[in-house]
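Below: the structure, in structure tokens.
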Amino acid sequence: MTADFWAGLEPAAREALRKRGQSCTYARGRELLHEGQVPDRVLLLRSGLVKVSRVVLGGREVVLAYRGPGELVGEQSALDGEPRSATVAAVEAVDAFVFTHSAFRGFLREHPEAALVLLALMSQRLREADSRRAEFSTLSTMGRVASRLAELCDRFGDEHDGRIRISLPITQDELAGSTGASIESVGRALQTMRSLKYIETKRREIQVLDREALDALRNA
Ligand SMILES: Nc1ncnc2c1ncn2[C@@H]1O[C@@H]2COP(=O)(O)O[C@H]2[C@H]1O
């Protein structure tokens with residue numbers, strides 16, 4: 001699901017926000033924000049895609065989300081003043097508006113309707129986190145992998161000749177990191193899905209051949 005802050009703003013609010021920011025570009029692979037760092041800015045993505053992740057005990061990367069055009073990153077620290085909750089890195093070249101905390105907070109004070117948009121997005125994220133927590137305690141690894149692939153299809157899928165190509169260069173490690181399962185068990189789940197002809201995989205590419213089968217697995 002996208003959390004498009006920009007789309008939720010009225011034209012006047014967009015203009016007011018744009019005036020407070022500076023344009024910035026980030027090459028693919030570059031970190032925009034780093035977990036634990038003392039925060040100083042908020043970014044509104046204009047184009048490109050970023051990966052939001054955390055490093056957990058044992059050094060493993062857990063992917064929390066992907067964010068794209070119209071979405072904010074760094075807003076949590078601007079709201080609560082705490083260090084960065086996650087690392088945000090460019091999966092592809094990114095164009096963004098960058099705001100200081102005081103500029104962003106000043107904007108929210110002057111545009112309460114924008115603050116409501118942000119609250120709605122934070123509420124949506126809480127719902128997603130709750131769903132994932134429930135999923136982690138009820139679904140098998142196969143169900144969780146199917147659920148994540150179905151989400152990726154909905155957000156990044158390009159449909160062609162009855163198959164859906166997920167246009168996101170995701171590795172098996174990253175997929176495992178977003179399901180809370182080990183790389184080995186995610187590898188086994190993918191192998192089973194391949195042999196059932198639900199999916200086809202290449203290096204950093206997944207194609208879904210049977211989208212309905214994924215839904216059946218996630219609801220099993
Ligand atoms: N679960 C999540 N889903 C989407 N974005 C997130 C999630 N957790 C953290 N982020 C983003 O990653 C940013 C890291 O810096 P902040 O904590 O300032 O703000 C955070 C959010 O913008």
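In this text the structure is predicted, and so the values were computed from the model without any measurement. For ligands, and for the atoms within them, numbers begin at 1 and follow the listed sequence.
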Ligand 1 contacted by G74 (non-hydrogen, < 4.0 Å): yes
R46 charged N/C atom sitting above F97 aromatic ring, 6.0 Å / 45°: yes
Option set Q76, H101, R84, criterion heavy-atom distance to atom 8 (N) of ligand 1, minimum: Q76
Proximity of R125 to ligand 1 by residue part, where a heavy atom lies under 4.0 Å: side chain
Expected output: side-chain S167 to main-chain F156 donor-acceptor under 3.5 Å: yes
Residue L64 vicinity, atoms of ligand 1 by number, heavy atom under 4.0 Å: 1 (N), 8 (N)
Under-4.0 Å heavy-atom contact with ligand 1, by part of A65 that carries it: side chain
Top protein contact for atom 22 (O) of ligand 1, by heavy-atom distance: E75 OE1, 2.6 Å
Proximity to ligand 1 by part of V88, non-hydrogen separation under 4.0 Å: side chain
Sidechain-backbone polar pair: E35 side chain, V55 backbone, donor-acceptor under 3.5 Å: yes
Check: V62 main-chain N/O paired with S53 side-chain donor or acceptor under 3.5 Å: no
Under 3.5 Å: donor-acceptor pair, side chain of S131, backbone of R127: yes
Atoms of ligand 1, numbered as shown, that sit under 4.0 Å from any heavy atom of A86: 14 (C)
For atom 11 (C) of ligand 1, closest protein heavy-atom neighbour: V52 CG1, 3.9 Å
Proximity to ligand 1 by part of R67, non-hydrogen separation under 4.0 Å: side chain
Nearest non-hydrogen protein atom, atom 16 (P) of ligand 1: S77 OG, 3.5 Å
Flag, side chain of T25 to backbone of D95, donor-acceptor distance under 3.5 Å: no
Lys NZ or Arg CZ of R20 over F104 ring: under 6.0 Å, within 45°: no
Any donor-acceptor N/O pair, R218 side chain to A150 backbone, under 3.5 Å: no
Shortest protein contact, atom 17 (O) of ligand 1 (heavy atom only): S85 OG, 2.7 Å
